[in-house]
Amino acid sequence: MFKLPISTILFFLLALSLQAYAKHNGEHLYLQNCVACHGYNGNGGMGVPLSLPDFLATASDEYMFKTIRNGRPGRVMPAFKQLSDDNIESIIGYIRSWSDSPPPVYSKKPINGDATHGKQLFLQHCASCHGDTGTGGPGTGVTMSRPRSLPILAPALNNKGFLASASDEMIKATLINGRKGTPMVSFLDNGLSEQDVDDIVTYVRTFETQTVADEGSIEDEPAVIIKESPYSVEETVANLKNAVSSMNFRLIRVQNLDTGLTEEGKEDKKQVIIYSCNFNILDQALKLDPRVGLFLPCRVTVSEHEGKVHVMYANPKRMNEIYNNSELDSMCTDMKTVYEDMIDEALL
Ligand code: HEC
Ligand code: HEC
């Protein structure tokens, strides 16, 4: 009988169990870090699907690695700085287990087409979904937040994270292949020539030099804004209720901070929260990002401590930090102004 030395057998067993461990570990890390947005088995949700055969056939491991490490600033996809290189590789291994296609490898050679012609073609063939300047579709991938007609949100192509991750060759392969099961079609099948595709890729690359400068750091923004009131707690609450309605906000409820945490009737009357809401703002904000439910409706706390009455609220500009959604930024700035006006009126 054909005999294998015991060391070879042990080596194979070790290799097999290492492989099984890596897959298990990748799955575990995927469930921990990615599933909330990309769905079980990569079928998508707030994030684009990751299991589509055309995606896996055209996305290189390098592209995935850089996308996970650097994220997409301002486009919801976080940068996973805390994962080790090994962790990221295990996650990619797990994602690869959804498909039999071998990962493609691209050269880094730039494609030198005609950017001016590429721009014309881009406006004609791409802008309707990806935006005139490559800003991507509005909202997130969640149904309530994207147009019904689009089953999947078009990613931002002018995004620093995207441009740093995708090589010219990979963008070209995406345009030539398309991604079946999404609105992204093959442009060779749709009448463009390979030269046209090269021109478009060259134009998309110019977004790198056009990307807007980062806005001022929000780290300068305080997490909580506190103002002193010249009135008693009761008067301050009454004034805030008036300010809420004079600003066309609906008062939702007024409750003690410790309601439900202490015996009924024994609540601390010096610690009060006022919940209010403007349904237009709520609706707009939910369309941009359903996760704003975490800091809406508006809540203002009035509290007395050592004879001083304070009015405070969590700064919406800081809350937005965790969402990495640039469309929400201006909304959060507006919300901060709303809070300021409301409180200024109440403390007048
Ligand atoms: C908070 C939601 C969120 C989380 C968590 C998240 N992603 Fe994403 N991801 C997105 C969104 C949204 C996009 C598309 C960005 C755009 O629209 O421009 C994206 C894009 C991607 C892409 C590019 C896909 C393509 O079609 O080219 C990859 C790859 C990816 N994510 C992998 C991951 C992995 C792996 C994890 C976990 C380590 C993860 N993401 C966690 C939201 C998320
Ligand atoms: C009908 C809408 C639509 C049109 C038109 C369209 N795209 Fe897309 N595109 C999408 C969607 C949706 C995706 C995401 C597909 C996915 O999830 O895998 C996408 C993905 C991509 C990607 C991969 C980016 C990433 O982060 O995954 C590139 C590159 C791209 N499109 C470039 C273009 C270019 C260039 C054109 C014009 C020649 C174009 N697209 C036309 C909807 C469109």
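Side chains are part of it too, since the values below use all heavy atoms of this structure and drop only hydrogens, waters and symmetry mates.
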*Look up atom CG in N87 and atom CG in L29, then write down how far apart they are to the nearest 0.5 Å.*
4.5 Å

*Kindly give the heavy-atom pair with the smallest separation between S276 and P297, and that separation in Å.*
O-CB, 3.2 Å

*Run the ring-centre check on Y30 versus W98 and record whether the distance is less than 6.0 Å.*
yes

*asked:* Check K269 with E234, please: is the shortest side-chain N to carboxylate O separation under 4.0 Å?
replied: no

_CG-CZ distance between N278 and R250, expressed to the nearest 0.5 angstrom_ = 9.5 Å

*Drop me the distance from I273's CD1 to Q255's CD, to the nearest 0.5 angstrom.*
5.0 Å

_I'd like to check the side chain to side chain donor-acceptor pair (under 3.5 Å) partners of D196; sequence neighbours left out, ordered by chain and number._
S193

*Report yes if some heavy atom in the side chain of C277 is under 4.5 Å from a heavy atom in the side chain of I252; otherwise report no.*
yes

*Under 4.5 Å between side-chain heavy atoms, hopping through other hydrophobics if needed: is there a path connecting L257 to V311?*
no

*asked:* Can you tell me which residue among V272, V302, L251 is in a side-chain contact (heavy atoms from CB on, under 4.5 Å) with L240?
replied: V302

*Shortest non-hydrogen contact from S60 to P104?*
CB-O, 3.3 Å

_Between T202 and N112, does the side-chain contact (heavy atoms from CB on, under 4.5 Å) criterion hold? Intermediate values first, please._
CA-CA 6 Å; T202 309; N112 293 309; 5.7 Å; no

*Show the numbers, then the answer: is there a side-chain hydrogen bond (donor to acceptor under 3.5 Å, both in side chains) between S303 and Q271?*
CA-CA 4 Å; S303 124; Q271 319 277 338; 3.3 Å; yes

*Determine, step by step, whether K66 and E62 satisfy the salt bridge (charged side-chain N to carboxylate O under 4.0 Å, His left out) criterion, reporting the C-alpha distance in whole Å, the side-chain angles of both residues, the deciding distance to 0.1 Å, and the verdict.*
CA-CA 6 Å; K66 289 184 173 168; E62 189 188 350; 2.9 Å; yes

*D189 atom CG: more than 12 heavy-atom contacts under 6.0 Å*: yes

*Establish whether L175 and V185 are linked, either directly or via other cluster members, by ILVMFWY side-chain heavy-atom contacts under 4.5 Å.*
yes

What side-chain donor-acceptor pairs closer than 3.5 Å can you find for residues 161-169, not counting sequence neighbours?
residue	atom	partner	partner atom	Å
S165	OG	G161	O	2.6
S167	OG	M170	N	3.2
D168	OD1	R205	NE	2.7
D168	OD1	R205	NH2	2.9
D168	OD2	I111	N	2.8
E169	OE2	S107	OG	3.4

*How long is the span from the CE atom in M342 to the CG atom in N242, to the nearest 0.5 Å?*
12.0 Å

*When rounded to the nearest 0.5 angstrom, what distance separates NZ in K266 from OG1 in T259?*
14.5 Å

*asked:* I'd like to know if E221 pairs up with K336 as an ion pair, taking the criterion as any Lys NZ or Arg NE/NH1/NH2 lying under 4.0 Å from an Asp or Glu carboxylate oxygen.
replied: yes

*Hydrophobic cluster of I226, others only, ordered by chain and residue number, side-chain cut-off 4.5 Å*: V224, M312

*asked:* What's the separation between atom CD in E27 and atom CD1 in I95, rounded to the nearest 0.5 Å?
replied: 12.0 Å

_Residue among N177, T174, L50 satisfying side-chain contact (heavy atoms from CB on, under 4.5 Å) with F55_ = L50

*Should I274 and M247 be counted in the same cluster of Ile, Leu, Val, Met, Phe, Trp and Tyr side chains packed under 4.5 Å apart?*
yes

_For the CG atom on N248, are there more than 12 heavy atoms of other groups (residues, nucleotides or ligands in this structure) within a distance under 6.0 Å?_
no

_Any donor-acceptor N/O pair, Q284 side chain to I281 backbone, under 3.5 Å_ = no

*Under 6.0 Å from the CG atom of L348, do we count more than 12 heavy atoms belonging to anything else shown?*
no

*List the atom of P222, the atom of R318, and the distance in Å for their closest heavy-atom pair.*
O-CG, 3.5 Å

*Flag the pair K227 and D344 as a salt bridge only when some basic side-chain nitrogen lies within less than 4.0 angstrom of an acidic carboxylate oxygen.*
yes

*T182 side chain near D54 side chain, heavy-atom distance below 4.5 Å*: no

*Apply side-chain hydrogen bond (donor to acceptor under 3.5 Å, both in side chains) to E340 and T337, showing your working.*
CA-CA 5 Å; E340 277 166 353; T337 314; 4.7 Å; no

*Do the side chains of V237 and L347 join up, straight or via other hydrophobic residues, at under 4.5 Å, putting them in one cluster?*
yes

*Any chance you could lay out the side-chain contact (heavy atoms from CB on, under 4.5 Å) test for R75 and N324, step after step, and finish with the verdict?*
CA-CA 6 Å; R75 288 289 294 183; N324 181 29; 5.8 Å; no

*Residues, nucleotides or ligands: over 12 heavy atoms within 6.0 Å of K81 NZ*: yes

*Dump the intermediate steps for side-chain contact (heavy atoms from CB on, under 4.5 Å) on N41 and S51, then the final yes or no.*
CA-CA 7 Å; N41 305 313; S51 56; 5.6 Å; no

*asked:* Test your reading of the model: is there a side-chain donor-acceptor pair from S90 to the backbone of G26, 3.5 Å cut-off?
replied: no

*Would K317 and D329 satisfy side-chain contact (heavy atoms from CB on, under 4.5 Å), going step by step from the backbone distance to the final call?*
CA-CA 7 Å; K317 288 182 89 166; D329 288 350; over 6 Å; no

_Is any side-chain heavy atom of D85 closer than 4.5 Å to one of R69?_
yes

_Take a 6.0 Å sphere around NZ of K270 and say whether it holds more than 12 heavy atoms from other residues, nucleotides or ligands._
yes

*Where at least one partner belongs to residues 328-348, residue pairs that pass ring pair (Phe, Tyr, Trp, His ring centres under 6.0 Å), sequence neighbours excluded*: Y313-Y339

*Could you give all pairs that pass the ring pair (Phe, Tyr, Trp, His ring centres under 6.0 Å) test and reach residues 221-280, with sequence neighbours left out?*
none

*For D258 and E267, which heavy atoms make the closest approach, and how far apart are they?*
OD1-CB, 3.3 Å

*asked:* Show the nearest heavy-atom pair for residues T206 and A115, with the distance to one decimal.
replied: CG2-CB, 4.2 Å

*Can L31 be reached from I91 by stepping across I, L, V, M, F, W or Y side chains whose heavy atoms are under 4.5 Å apart?*
yes

_Steps toward salt bridge (charged side-chain N to carboxylate O under 4.0 Å, His left out) verdict (R96, D61)_ = CA-CA 9 Å; R96 290 283 174 212; D61 282 352; 2.7 Å; yes

Would you list the atom pairs, donor with acceptor, under 3.5 Å between side chains in residues 117-137 and any protein atom, with sequence neighbours excluded?
residue	atom	partner	partner atom	Å
H117	ND1	D199	OD2	2.8
H130	ND1	P155	O	3.0

*Checking S186 side chain against G178 main chain: does a donor-acceptor pair fall under 3.5 Å?*
no

_Donor-acceptor pair, distance only, cut-off 3.5 Å: does the side chain of N325 make one with the backbone of V76?_
no

*Which pair of non-hydrogen atoms, one from H310 and one from E228, has the smallest distance, and what is that distance?*
CD2-CA, 3.8 Å

*Assess whether atom CD of Q82 is packed by more than 12 heavy atoms of other residues, nucleotides or ligands within 6.0 Å.*
yes

*Kindly indicate whether the side chain of L56, heavy atoms from C-beta on, has any atom under 4.5 Å from the side chain of M64.*
yes

